[in-house]
Amino acid sequence: MSVPLLDLKAQYRSIERDVQAAIARVVDSQHFINGPEVDAFEAELAAYSRTRFAVGCSSGTDALLMALMALGVGQGDEVVTSPSTFVATAMCVARLGARAVFVDVDPRTHNLDPSKLEAALTPKTKAIIPVHLFGQLADMGAILRIAQTWGLPVIEDGAQAIGSELNGQRCGTFGAVGCLSFFPSKNLGAFGDAGGLVTNDEALAKQLKLIRAQGQQPKYFSQLIGGNFRLDALQAAILRAKLPHLDAWTQARQANAARYRALFTQAGVDGTQVKPSPAHPLTLPQEQPGARHIYNQFVLRSTRRDALKQHLTERGIGTEVYYPQPMHLQACFSSWGGKPGQFPEAEAAADESLAIPIYPELSEAQAREVVAAVMAFVRG
Ligand SMILES: *Cc1c(COP(=O)(O)O)cnc(C)c1O
């Protein structure tokens, strides 16, 4: 039996009629830009996120770019973020002529370590972007305390974390604004590129809507520099058909994670180990107390990660490395002078991490097969 990393067809089959009806609605209306589907999706996304406002946009990347533009980040500014992320987080900073300053991660979560945050702040710092990697929130209490002391706005990169919570508080409600991605592999996936922003700040929501439409208000009279960052009505309608299922899909992902934990523990893996070592060559992802982890990814760590990946590929099991190169070592950011050894936790995570299938429709038989294949490798 082959086990793909993600099976979008299984999910589509379960909601096919609703999605087809949503697409037909938009096609019949021929209303493709803005309009009632986008408005309704924004209201539903705000309700889901427990924020006053939501703004749909063209991608998670553009959500980050729009948030930075709205906060006035530009030439010569610094934005502090995590080196363990998808490149978009830091690249949006670079596109505005600013510089990303990285802070090493907490190995338990692969999220920005607040104990190292203050040392990275300078008079040039304009914002902080914690990334909620794999579907688990960063340590927002500690990050917000520092941000408030320094008077800095926080932009949450919640691209992988829609609906995740810490002590009952939801992703996107901690900072000034939360950025979401509806890339097809995220927990709420569109049929193409799409994204969104959530905020409780009315002025900021208005500013984001201006930026989304070339700064125009009214039409053809631009008040500020923006772009074309709109969410397609077709994508909004598809997302509206999918959003009511999101919590059930999240619960299925959480059940799969719990099953993996039980199976790996039965097989002798110590689930409390944070990083792999000769005594514990395989580790499981750590869930923080008070977290509602939405498991966009379930990430193992192995000191022999590349060989483990190869072993699983040969057995038809899909895996992926999130992410093989930390941001400070990316060629595109070489002018910032990052050096190997600078962020040891992020570098170890890049060398050891391997995501295994966790999608909602994964069956028990598939999960057992994944665990058996991983353990066959570990036992050598
Ligand atoms: C997916 C992702 C993005 C970018 O979202 P897109 O919709 O693909 O542009 C940004 N940050 C993180 C952490 C992501 O996982």
Side-chain angles (χ1 to χ4, degrees), residues 5-6 8 41 45 54-69 79-96 100 102-103 105-106 109-112 127-138 140 143 154-164 171-172 174-175 177-198 208 212 227-232 235-236 238-239 242 253 285 293-299 320-328 330 332-333 346 349-350 353 355 358-359:
L5 180 64
L6 176 66
L8 288 172
F41 174 65
L45 178 63
V55 178
C57 70
S58 33
S59 69
T61 301
D62 287 342
L64 289 161
L65 186 63
M66 290 166 68
L68 289 162
M69 290 170 80
V79 175
V80 176
T81 190
S82 165
S84 294
T85 182
F86 179 60
V87 73
T89 320
M91 197 177 279
C92 290
V93 174
R95 284 168 69 180
L96 294 171
F102 301 109
V103 170
V105 297
D106 180 334
T109 59
H110 298 205
N111 285 330
L112 191 152
I128 304 169
I129 313 182
V131 181
H132 307 317
L133 208 65
F134 306 144
Q136 176 163 238
L137 292 182
M140 293 308 292
I143 291 169
V154 171
I155 299 169
E156 294 176 59
D157 183 342
Q160 301 182 8
I162 186 169
S164 62
C171 171
F174 293 88
V177 57
C179 299
L180 303 171
S181 167
F182 307 121
F183 185 79
S185 69
K186 305 294 163 80
N187 283 29
L188 180 65
F191 284 15
D193 282 307
L197 302 109
V198 293
L208 291 167
R212 175 172 70 177
N228 178 357
F229 299 127
R230 289 181 302 238
L231 171 67
D232 286 340
Q235 299 297 354
I238 292 163
L239 290 165
K242 294 184 82 172
R253 286 173 179 272
H293 192 324
I294 62 147
Y295 286 100
N296 181 242
Q297 302 296 341
F298 189 91
V299 176
E320 189 54 274
V321 175
Y322 301 114
Y323 293 94
Q325 188 172 53
M327 293 307 110
H328 64 291
Q330 295 283 337
C332 64
F333 304 138
S353 295
I358 187 75
Y359 60 92

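All ligand and atom numbering here is 1-based and tracks the order in the structure. Keep in mind that what you see is a predicted model, and the values were worked out from it rather than measured.
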Without placing hydrogens or testing angles, list every side-chain donor-acceptor pair under 3.5 Å for residues 85-93, not counting sequence neighbours.
{"unit_1": "T85", "atom_1": "OG1", "unit_2": "T89", "atom_2": "OG1", "d": "2.8"}
{"unit_1": "T89", "atom_1": "OG1", "unit_2": "F86", "atom_2": "O", "d": "3.2"}
{"unit_1": "T89", "atom_1": "OG1", "unit_2": "D157", "atom_2": "OD2", "d": "2.8"}

For ligand 1, find each of its N or O atoms that sits under 3.5 Å from a protein N or O atom, and tabulate the pairs with distances to one decimal place.
{"unit_1": "ligand 1", "atom_1": "5 (O)", "unit_2": "S181", "atom_2": "OG", "d": "3.3"}
{"unit_1": "ligand 1", "atom_1": "7 (O)", "unit_2": "G60", "atom_2": "N", "d": "2.8"}
{"unit_1": "ligand 1", "atom_1": "7 (O)", "unit_2": "S181", "atom_2": "OG", "d": "2.7"}
{"unit_1": "ligand 1", "atom_1": "9 (O)", "unit_2": "G60", "atom_2": "N", "d": "3.4"}
{"unit_1": "ligand 1", "atom_1": "9 (O)", "unit_2": "T61", "atom_2": "N", "d": "2.8"}
{"unit_1": "ligand 1", "atom_1": "9 (O)", "unit_2": "T61", "atom_2": "OG1", "d": "2.5"}
{"unit_1": "ligand 1", "atom_1": "11 (N)", "unit_2": "D157", "atom_2": "OD1", "d": "3.3"}
{"unit_1": "ligand 1", "atom_1": "11 (N)", "unit_2": "D157", "atom_2": "OD2", "d": "2.9"}
{"unit_1": "ligand 1", "atom_1": "15 (O)", "unit_2": "Q160", "atom_2": "NE2", "d": "2.8"}
{"unit_1": "ligand 1", "atom_1": "15 (O)", "unit_2": "K186", "atom_2": "NZ", "d": "3.0"}

Quick one, D106 and N111 - any side-chain contact, counting heavy atoms below 4.5 Å? no
Please list, chain by chain and in numerical order, all residues satisfying side chain to side chain contact (heavy atoms under 4.5 Å, CB included) with D232, sequence neighbours excluded. Q235
What residues form a side chain to side chain contact (heavy atoms under 4.5 Å, CB included) with C57, not counting sequence neighbours? A63, M66, L197
Non-hydrogen atoms of F134 and H110 that approach each other most closely: CE1-ND1, 3.5 Å
Quick check, are the ring centers of Y295 and Y359 under 6.0 angstrom apart? no
